[in-house]
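Convention: sequence-line order gives letters A, B, ...; per-chain numbering from 1.
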Number of protein chains: 2
Amino acid sequence: MNAAFLLTQLGTHAANRFAERIAALGVSPPQVGLLRWIAQSPGNSQQAMARHFDIQPSRVVTFVDELEEQGLAQRRPDPTDRRVRIVELTDRGQEVLRGVREVMREHEEEIVAPLSAEERAQLHELLRRVAEEAGLTPGVHPGYRSLPPRIARAN
Amino acid sequence: MNAAFLLTQLGTHAANRFAERIAALGVSPPQVGLLRWIAQSPGNSQQAMARHFDIQPSRVVTFVDELEEQGLAQRRPDPTDRRVRIVELTDRGQEVLRGVREVMREHEEEIVAPLSAEERAQLHELLRRVAEEAGLTPGVHPGYRSLPPRIARAN
DNA sequence: TATTGTTATACTCTATAACTATA
DNA sequence: TATAGTTATAGAGTATAACAATA
């Protein structure tokens with residue numbers, strides 16, 4: 001079992017566990033990504049969101065529709081360009097986001113549970129360097145675009 | 001960016017890169033998983049395969065169909081139980097598997113490229129312990145069952 | 001003419017259940 | 001009555017292209 005396979009295996013495991021945890025808050029992993037980004041970069045359009053996450057604009061529509069239906073975000077017209085719809089969090093969305101942050105802390109603790117404080121720092125630094133070399137955008141999940149999302153993978 | 005998120009992000013990246021590499025050999029990630037398992041545990045039924053990978057028997061049918069159409073594996077009747085179909089590799093399947101192993105070495109080298117030999121050993125050991133604590137079956141990819149396989153994840 | 005957001009459509013992956021042939 | 005393999009069906013997730021409103 002080489003490091004690349006362990007990364008794939010653990011990455012999927014971590015994503016699955018996180019999805020289970022936030023399901024209790026009524027949100028999905030991509031919704032969490034959007035909530036966090038909306039909070040951090042307020043006043044942005046859906047196009048900006050599509051560019052940031054490198055997804056299709058039509059998918060942004062679906063995600064924002066979901067957030068709106070759940071009362072976590074709302075669309076607002078841009079006063080300077082009537083084509084644009086600015087997306088912002090509702091009070092309830094900010095509340096859910098606080099819950100998400102707590103879940104993230106619990107999740108992190110669970111994943112690195114078997115490691116000492118020193119080992120955690122070591123792992124973090126090694127992963128950070130590998131991610132940097134791979135050219136990954138900090139905070140943005142690369143998704144599964146080119147990957148047939150099936151189960152019985154060897155790597 | 002905590003370790004859990006880095007694992008998710010890097011795991012997806014590694015899986016995507018591996019899928020790209022083996023696409024040149026004409027096989028998909030799950031096909032690689034099956035090829036390797038068939039080679040390592042010869043004479044097994046499709047049911048055994050479904051149990052090992054924890055997937056539905058109906059999916060095994062699809063995967064083995066694909067392998068057969070590509071001439072990489074073939075079904076053979078079990079002499080002791082006429083319900084059972086034993087799956088084995090063809091010569092061409094074994095040849096492709098050798099290519100897959102070479103690709104795995106190249107892939108591993110690419111992922112850990114920025115690390116020294118000592119750091120690679122460190123990372124491997126840390127990942128191994130985390131995977132063990134998480135209860136992951138060695139060599140079996142956990143898949144994306146409970147995870148909405150979308151792109152804009154926060155974790 | 002280009003851009004924002006939206007809708008429509010098709011395609012892939014997956015889970016479930018029903019079916020057949022054997023045991 | 002249970003099991004191995006298969007087929008059929010429906011549901012998610014995704015990509016693509018076309019569209020209306022606006023710039």
For atom CG of B:D78 and atom P of D:dT3, their distance in whole Å:
17 Å
Please report, rounded to the nearest Å, how far the P atom of C:dT7 is from the CZ atom of A:F63.
16 Å
If we ignore angles and hydrogens, is there a donor and acceptor under 3.5 Å between the side chains of A:R75 and A:Q46?
yes
Using the side-chain heavy atoms of B:S58, tell me which of these nucleotides is nearest: C:dG5, C:dA17, D:dA4.
C:dA17
Is any side-chain N of the basic residue among B:R98 and B:E95 closer than 4.0 Å to the acidic one's carboxylate O?
no
How long is the line joining CD of A:Q56 and C1' of C:dT9, in whole Å?
14 Å
Check the distance between C:dT12's P and B:E66's CD and give it to me in whole angstrom.
11 Å
Anything under 30° is parallel, anything over 60° is perpendicular, the rest tilted; go ahead and classify A:H52 against A:W37.
parallel
Ionic contact status for A:R120 with A:E109, cut-off 4.0 Å:
yes
When you compare the side chain of A:L7 with that of A:L127, does any pair of heavy atoms fall below 4.5 Å?
yes
Quick one: B:I55 CD1 to C:dC13 P, roughly how many Å, whole number?
14 Å
Rounded interatomic separation in angstrom, taking CZ from A:R85 and C1' from D:dA21
12 Å
A:E108 with A:R105: basic N within carboxylate O range, under 4.0 Å
no
Which whole-number value in Å describes the distance from A:R59 CZ to C:dC11 P?
18 Å
Using atom CG of B:D65 as one end and atom P of D:dT7 as the other, report the distance to the nearest whole Å.
7 Å
With B for base contact, S for sugar-phosphate-only contact and - for none (protein heavy atoms under 4.0 Å), nucleotides 18-23 of chain C reads ----BS
Categorize B:V61 for me: base, sugar-phosphate, or nothing, with a 4.0 angstrom heavy-atom threshold over every strand shown.
base
Report yes if at least one side-chain N or O of A:R75 is closer than 4.0 Å to OP1 or OP2 of C:dT6; otherwise report no.
yes
Do B:R128 and B:E132 sit within salt-bridge range, that is, some charged N less than 4.0 Å from a carboxylate O?
yes
Sugar-phosphate only, base, or nothing, as touched by A:Q46 at under 4.0 Å among non-hydrogen atoms:
sugar-phosphate
